[in-house]
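Structure record follows, encoded as structure tokens.
Keep in mind that the numbers below use all heavy atoms, side chains included, and drop hydrogens, waters and symmetry copies. Convention: sequence-line order gives letters A, B, ...; per-chain numbering from 1. Everything numeric in this text was worked out from a predicted model, so none of it was measured.
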Amino acid sequence: MNIFDLYLEKIKKILLDLSKDSNLVLPENLDGITVETPPQKFDSDISTNVAMFLSKINNKSPSELSEILIEKIKKQDELIENIVFAKPGFINITFKPIFWTKFVEEIINNSKTFGVNQKEKKNNYLIEFVSANPTGPLHVGHCRGAILGDVIANVLLFNNHKVTKEYYVNDYGNQIINFTKSVYFRIREIIFKEPFPSENDDLYPGDYLIDFAQNIIDSNKKVDFSDFEKNTDLLTTASVVEALKLIKKNLKSLGINHDNFVSEKELVKNQEVEGVINYLQKNKFVYKGKIKAPAGEDEKNWVSRDQLLFKSTDFGDDKDRALQKSDGAWTYFASDVAYHKNKLDRKFDFLINILGADHAGYIKRISSSVEALSGSKSKLLCKVSQLVKLIKDKKPFKMSKRKGDYITVDDLINEVGKDATRFIMLNRSSDAELDFDFDNVIEKSKDNPLYYVQYCYARISSVFRHIDQDLDTEIKVDKYDFNYTRDEIDILKKISEWPKCINLSSNKLEPHRIPTYLYELASLFHSYWNLGKDNPEKRFINDQKKISTDKLVFLKAISNVIKSGMDIVGVSAPKKM
RNA sequence: GCGCUUGUAGCUCAACUGGAUAGAGCGCCUGACUUCGGAUCAGGAGGUUCUGGGUUCGACUCCUAGCAGGCGCACCA
């Protein structure tokens, strides 16, 4: 139950009734009317801007309008205790305690589905995320986008949408050739005792390649590795397999699980790139031409040549984009267009791409291609995850592949743990850069918002332990007839915002709202808990080691929401810490 | 130079897709411990929301012109 939607509908109905009697003029569109929680200092439960919204068109002041509205609303609803006008034009409603009792009953009876936006149209999503090059282990830089994508998928799933999680494997192109050569040199190092050519900047120097090399040697005992050219295919495939094994292991340790891995090489092999380019050519989106040098570029260094171009300028891009390299191979962009055609052919309602900040400039051209292919840009939603600034010893920590000086997902999980990594990476809006202070996260774990929320759940569990119940067992209540106090209603109000939090997180693809929400809820709970020190009435368990039913279901409602939220974020909710 | 993005308390960040007197944490100051588990809580100080204009009953939010940081800008991926 979403009480804000409920009252929004009620108010709209009243407005329509009033306009029928020609007491009220309504604009065509009523979308600007909102029902929301007022700031805490206003001592009421929900609030609406309807009087301000209609003030101008009716040529009446909000206070005049509110008189009529207040009367109507009050007459229709016996659950309202108080309804008042508040400057500059809000109508504030306070409910009787019975309203909140019914609300709790609703939650307890629908513990699994509370928060789900039931009325929303259910869509079929494809979300592509991580898609890191299969050339080595994931590092911290990949983490944020990975977690962002995973949690967006979780929110959508929670909201009853269908979601397919996909990883695009860039196993085609120069990088893969260089990567394979690097593995080959490691193989030679092992077999022929030749030193690795570490001065070659095109090669991947990381030590993990030694393991790859050893694994490839072990599983290809009969192969003669003295000649690279003879074994190129085998080496390429085997190297990518090794890298993917490592990446999948990293993803698993982060709690991430993709449904599909789509290979770029396969797309090229299946002629899907030719297919999509022919299709675009027929529709006049592809031509042979030259690209101009960028404004900042020195003309002398610019080599202009004819090449196959996609007309992304038709869709607002700065310049048209190359599809084919001079050696005839497809560009990364070309096969990515094919990949997006492939996605479109699978008939999803929406495609979501999670990109790193360094790829943000790429959005325009890929969305242009989707527009050209489908006639609709809105199908593709791109979400950029900004950089993570690592801080170690109070100083920014720069990663350098050359020096082998970078922090891998393994390092992160070993030092910080999966739960804290997920919670902190998600805690901020993905649009903003994020400071990740190692020393802070590792040493002073009590300052970590994750523990603050988990502690709330653990405290609730401890109450249930004291009365020999398990938090997970269902509660049966014969009659809901309680009288919650304002302290308790403040928490219930927060809980009533949970469906809204889910709504915003899923519709705006902004899952950082969930940790923020959980923190706020936990904070209210901790405050309430401490009231019990001075006031025995506020304690959950009384002198006879019993708990009253109202408090029992109250706790159950809170823990329900915390658990749902933690599940979506993908972190544990321990009963003991 | 162009594009994208960010700018909110000393620091790190929220702010319900335009609402009320802009909120948290850290840090600083004061208080609550033989704890229904203190990994907690209560209180205090701290703001021209980068700047100038505009739209609006109402702007951190939208438009516009700047300033500052980040990222990107060839056939890399």
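- A:Glu497 comes within 4.0 angstrom of nothing in the nucleic acid, heavy atoms only.
- Partners of A:His142 under the ring pair (Phe, Tyr, Trp, His ring centres under 6.0 Å) rule, at least two apart in sequence or in another chain, are A:His139.
- By the side chain to side chain donor-acceptor pair (under 3.5 Å) test, A:Arg513 is found to be paired with A:Glu510, residues two or more places apart in sequence or in another chain being considered.
- For A:Glu128 and A:Lys343, the salt-bridge test passes: some basic side-chain N is under 4.0 Å from an acidic carboxylate O.
- The list of side-chain hydrogen bond (donor to acceptor under 3.5 Å, both in side chains) pairs with a residue in residues 27-37 of chain A, not counting sequence neighbours, reads A:Thr34-A:Asn49, A:Thr37-A:Glu497.
- Listed nucleotides: B:rU12, B:rG70, B:rA77. Nearest to the side chain of A:Tyr362: B:rA77.
- Remark: P of B:rC71 and CG of A:Asp358 are 10 Å apart, rounded to the nearest angstrom.
- A:Leu244 is listed as a side-chain neighbour of A:Val169, based on a closest heavy-atom distance under 4.5 Å.
- The listed nucleotides are B:rA77, B:rG37, B:rC76; the one nearest the side chain of A:Thr331 is B:rC76.
- Nucleotides B:rG19 and B:rU34, compared at atom P, are 47 Å apart to the nearest Å.
- Rounded to whole Å, the C1' atom of B:rG3 lies 44 Å from the corresponding atom of B:rA45.
- In this structure, A:Tyr362 OH and A:Leu355 CG are separated by 9.0 Å, a value rounded to the nearest 0.5 Å.
- We find that CD of A:Glu433 is positioned 8 Å from P of B:rC13, with the value rounded to whole Å.
- Geometrically, A:Lys389 does not engage A:Phe436 in a cation-pi contact defined by less than 6.0 Å to the ring centre and at most 45° from the axis.
- Within 4.0 Å (heavy atoms only), A:Ser527 reaches sugar-phosphate atoms of the nucleic acid but no base atom.
- Taking A:Lys494 as the reference, A:Glu520 meet the side chain to side chain donor-acceptor pair (under 3.5 Å) condition, with sequence neighbours excluded.
- The side chain of A:Tyr519 approaches B:rG25 more closely than any other nucleotide in the set B:rA39, B:rA20, B:rG25.
- Distance A:Ile291 CD1 to B:rC2 C1': 15 Å, rounded to the nearest Å.
- Each of B:rU40, B:rC76, B:rG23 was ranked by its minimum atom distance to the side chain of A:His526; first place goes to B:rU40.
- Applying the side chain to side chain donor-acceptor pair (under 3.5 Å) test to A:Glu488 and every residue at least two apart in sequence or in another chain returns A:Thr485, A:Tyr528.
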Report all interatomic pairs (protein N or O, nucleotide N or O of nucleotides 54-64 of chain B) with separations under 3.5 Å.
from   : atom 1 : to      : atom 2 : distance (Å)
B:rC57 : OP1    : A:Lys56 : NZ     : 2.3

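- Heavy atoms of A:Ala86 sit under 4.0 angstrom from at least one base atom.
- When heavy atoms are screened at a 4.0 angstrom cut-off, A:Pro62 is found touching no nucleic acid atom at all.
- For A:Lys500, the side-chain atoms get nearest to B:rC16 when compared with the rest of B:rG70, B:rC16, B:rA77.
- With C1' as the reference atom, B:rG23 and B:rU61 are 15 Å apart, rounded to whole Å.
- Separation of atoms CD1 (A:Ile91) and OG (A:Ser66) is listed at 5.0 Å; rounding is to 0.5 Å.
- For residues 51-64 of chain A, every residue pair satisfying the side-chain hydrogen bond (donor to acceptor under 3.5 Å, both in side chains) rule, not counting sequence neighbours, is listed here: A:Ser61-A:Ser63, A:Ser61-A:Glu64.
- At a threshold of 4.0 angstrom between heavy atoms, the contacts of A:Phe333 with the nucleic acid are absent.
- With B:rA14, B:rA20, B:rC76 as the candidates, the nucleotide lying closest to the side chain of A:Asn92 is B:rA20.
- Across all strands shown, A:Ser61 has no heavy atoms under 4.0 Å from either base or sugar-phosphate atoms.
- B:rG25 sits 11 Å from B:rG43 when the P atoms are compared, rounded to a whole Å.
- Checked against B:rC73, B:rC76, B:rG38, the side chain of A:Lys533 finds its nearest nucleotide in B:rG38.
- In this pair, A:Tyr167 and A:Phe261 present their aromatic rings parallel. The plane angle is below 30°, not in the 30 to 60° band.
- Atom pair A:Ile363:CD1 and B:rU5:C1' shows a separation of 10 Å (rounding to whole Å applied).
- Residue A:Lys290 is out of contact with every strand shown, counting any heavy-atom pair closer than 4.0 Å.
- Pairs passing the salt bridge (Lys or Arg N to Asp or Glu O under 4.0 Å) check and including a residue from residues 523-550 of chain A, sequence neighbours excluded, read A:Asp487-A:Lys538.
- Summarising the geometry, the separation between CG on A:Asp31 and C1' on B:rG18 is reported as 14 Å, rounded to the nearest angstrom.
- In terms of polar N and O atoms assigned as donor or acceptor, the side chain of A:Asn49 comes within less than 3.5 Å of the base of B:rG19 in a complementary pairing.
- Contact annotation: A:Trp529 side-chain N/O to B:rG38 OP1/OP2 distance is under 4.0 Å.
- In this structure, of B:rC41, B:rC76, B:rG37, it is B:rC41 that holds the atom nearest to the side chain of A:Tyr452.
- Looking at heavy-atom distances under 4.0 Å, A:Ser429 makes contact with sugar-phosphate atoms alone, never a base.
- Remark: A:Leu504, A:Lys508, A:His512, A:Arg513, A:Thr516 in residues 502-516 of chain A come within less than 4.0 Å of RNA chain B through at least one heavy atom.
- Between the OH atom of A:Tyr455 and the P atom of B:rC36 there is a distance of 10 Å, rounded to whole Å.
- Within 4.0 Å of A:Lys364, counting heavy atoms only, lies no atom of the nucleic acid at all.
- The side chain to side chain donor-acceptor pair (under 3.5 Å) check on A:Thr94 picks up nothing, with sequence neighbours excluded.
- Remark: the A:Asn178 side chain and the B:rA77 base include no donor-acceptor N/O pair separated by less than 3.5 Å.
- Checking the phosphate oxygens (OP1, OP2) of B:rG37, a side-chain nitrogen or oxygen of A:His466 falls inside 4.0 Å.
- Against RNA chain B, the stretch residues 536-554 of chain A makes heavy-atom approaches under 4.0 Å through A:Arg539, A:Phe540, A:Ile541.
- Remark: C1' of B:rU5 and CG of A:Leu434 are 15 Å apart, rounded to the nearest angstrom.
- With centres under 5.5 Å and a plane angle under 30° as the test, the ring of A:Phe90 is not stacked against the base of B:rG19.
- Partners of A:His526 under the ring pair (Phe, Tyr, Trp, His ring centres under 6.0 Å) rule, at least two apart in sequence or in another chain, are A:Tyr452, A:Tyr455.
- What separates CD1 of A:Ile460 from P of B:rA39 is a distance of 17 Å, to the nearest Å.
- Taking atom P in both B:rG46 and B:rU40, one finds a spacing of 26 Å when rounded to whole Å.
- Distance check on atom C1': B:rC73 versus B:rC28 gives 45 Å, rounded to whole Å.
- Of the side-chain N and O atoms in A:Arg459, one or more sit less than 4.0 angstrom from OP1 or OP2 of B:rG38.
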